[in-house]
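Just so you know, these numbers use all the heavy atoms, side chains as well, and skip hydrogens, waters and symmetry mates.
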Amino acid sequence: MSTQEYDAVGVTIKATTYGVVGFLVLANLIPLLFIVSVSFMSPNEFFGAPHIVPHSPTLEAWTSGYTELKDNLVNSFLIGSGTAILALIITIPGAYAFARKEFYGKTAGFYAIISAMMFPYILLVIPIMDLWNDLGLYNTLPGMILAYQVFVTPFAIWILRDFFEKLPDDIEEAAQVYGCTQFTAFLRVILPLAAPGIVAVGFLAFLTGWNDFLFANLLTTGTGPVPAVPVLYGTIGGGSGERVYWGKLMAETLIIGIPPTMIYLVARNYLENAFTV
């Protein structure tokens with residue numbers, strides 16, 4: 001094959017790559033732009049002739065959506081933050097033990113925890129509701145935070161164990177030579193090195209508490225700490241078939257999506273390191 005033919009093949013491959021990437025970008029960008037556009041339309045304008053750019057932009061949907069969601073957004077933040085903090089408190093020492101300590105039943109215990117990830121959690125809703133009623137945790141923030149540990153903890157231990165396991169064995173010994181105890185070596189050496197994994201676990205746990213609908217809908221009532229996602233379902237009509245105010249629905253969707261996006265942007269470097277190790 002001549003040099004010109006090689007160049008032609010290279011140009012073709014590059015053009016195909018750019019075309020595929022451009023198509024994927026548009027496939028994700030156009031629906032997002034449509035959602036943003038609809039959120040600034042009045043109901044009458046949306047149900048008129050199809051168009052993308054609002055003729056008479058209005059903040060009615062945003063103000064209405066935020067007014068309806070503001071208290072629930074606080075609940076979502078408290079539930080998401082509590083889920084992340086409790087998950088880290090439980091899983092950091094657990095994952096460290098499974099990764100760097102030897103004890104009886106270590107392997108069997110680890111795989112028993114990981115096997116819980118394959119369990120269909122929808123089957124746990126009714127037993128948890130009954131148990132939470134008996135314990136006084138139903139329709140409470142602590143009850144929500146504890147319920148999410150059922151499926152956050154196994155996943156978090158799985159991720160963090162891998163991080164702790166890949167750290168060199170001699171770094172703790174070196175820290176102890178320079179005066180650290182085993183515990184201070186863990187705090188001052190191991191935890192900073194495992195920061196990408198810890199941030200990733202915290203972020204994913206927060207997303208679970210923020211985005212979940214099933215537990216949030218069944219473990220709370222209208223008088224309790226209802227998160228934002230069940231309220232969004234109510235905007236759709238709650239399955240009643242009523243006419244949907246699409247502008248408000250789109251605005252509420254964006255409002256709910258903004259906080260996790262902001263957290264992702266702040267923690268992006270840690271998250272990228274976490275999943276490239």
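N72 places none of its side-chain heavy atoms less than 4.5 Å from the side chain of L232. Contact annotation: the side chain of M41 never approaches that of T58 to less than 4.5 Å [non-hydrogen atoms, C-beta and beyond]. When side chains are defined from C-beta on, E68 counts as touching E252, because their heavy atoms get closer than 4.5 Å. At least one side-chain heavy atom of M262 sits less than 4.5 Å from a side-chain heavy atom of I258. With contacts defined as side-chain heavy-atom distances shorter than 4.5 Å, the pair L249/V38 does not qualify. Looking at heavy atoms from C-beta onward, I171 lies in side-chain contact with I190 at the 4.5 angstrom threshold. Taking the side chain as every heavy atom from C-beta outward, D162 and W158 never approach each other to under 4.5 Å.
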Stepwise side chain to side chain contact (heavy atoms under 4.5 Å, CB included) check, I92 with L191: CA-CA 9 Å; I92 288 176; L191 286 185; 3.8 Å; yes
L207 vs Y264, side chain to side chain contact (heavy atoms under 4.5 Å, CB included): CA-CA, chis, key distance, verdict: CA-CA 10 Å; L207 279 185; Y264 167 78; over 6 Å; no
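I157 contributes atom CD1, which lies 10.5 Å from atom CE of M117 (distance to the nearest 0.5 angstrom). Rounding to the nearest 0.5 Å gives a distance of 12.0 Å between CG of D134 and CE of M129. Between the CD1 atom in I128 and the CG atom in L218 there is a gap of 10.5 Å [rounded to 0.5 Å]. To the nearest 0.5 Å, atom CD of residue Q149 and atom OG1 of residue T208 are 9.5 Å apart. Of the inter-residue distances, the one linking F40 atom CZ with S56 atom OG reads 14.0 Å to the nearest 0.5 angstrom. Rounding to the nearest 0.5 Å gives a distance of 9.5 Å between CG of N133 and CG of L219.
Using cut-offs of 30° and 60° for the angle between ring planes, the F164 and Y96 rings count as perpendicular.
Both V150 and L214 belong to a common hydrophobic cluster when Ile, Leu, Val, Met, Phe, Trp and Tyr are linked at side-chain heavy-atom distances under 4.5 angstrom. Note: the hydrophobic cluster containing L265 also contains I263 (ILVMFWY, side chain heavy atoms under 4.5 Å, direct or indirect links). A single hydrophobic cluster is not seen to contain both M118 and L124; linkage of ILVMFWY side chains at heavy-atom distances under 4.5 Å, directly or through other members, places them apart. With hydrophobic clusters built from ILVMFWY side chains whose heavy atoms lie under 4.5 angstrom apart, M250 does not share a cluster with L33. Hydrophobic cluster membership is shared by L187 and L167, with clusters built from Ile, Leu, Val, Met, Phe, Trp and Tyr side chains linked at under 4.5 angstrom.
A centroid separation of less than 6.0 Å is found between the aromatic rings of F103 and F98. Taking the ring centroids of F77 and W210, they lie at or beyond the 6.0 Å cut-off. If you look at F215 and F151, their ring centroids are closer than 6.0 Å.
Formation of a donor-acceptor pair under 3.5 Å by the T140 side chain with backbone atoms of L137 is found in this model.
The minimum heavy-atom distance linking A175 with V189 is given by the pair CB-CG2, 3.8 Å. When all heavy atoms of S39 and A61 are compared, the closest pair comes out as O-CB, 3.4 Å. Nearest heavy-atom pair, T91 versus A87, reported as atom, atom and distance to 0.1 Å: OG1-O, 2.5 Å. Closest of all the heavy-atom pairs between I114 and P154 is CD1-O, 3.7 Å. The heavy-atom pair separating G257 from T261 by the smallest distance is O-OG1, 2.8 Å. Contact record, A228 with S76: N-OG, 2.8 Å, taken as the closest heavy-atom pair.
Side-chain N/O atoms of Y148 and D212 include a donor and acceptor closer than 3.5 Å. There is no side-chain donor-acceptor pair under 3.5 Å between N139 and T220. Side chains of T67 and S64: no donor on one and acceptor on the other come within 3.5 Å.
Within a 6.0 Å radius of NZ in K106, more than 12 heavy atoms belonging to other residues, nucleotides or ligands are found. Within 6.0 Å of the CZ atom in F119, the count of heavy atoms belonging to other residues, nucleotides or ligands exceeds 12. The local environment of CH2 in W62 is crowded, with over 12 non-hydrogen atoms from other residues, nucleotides or ligands closer than 6.0 Å.
In summary, K248 and E60 do not engage in a salt bridge, as defined by a charged side-chain N under 4.0 Å from a carboxylate O.
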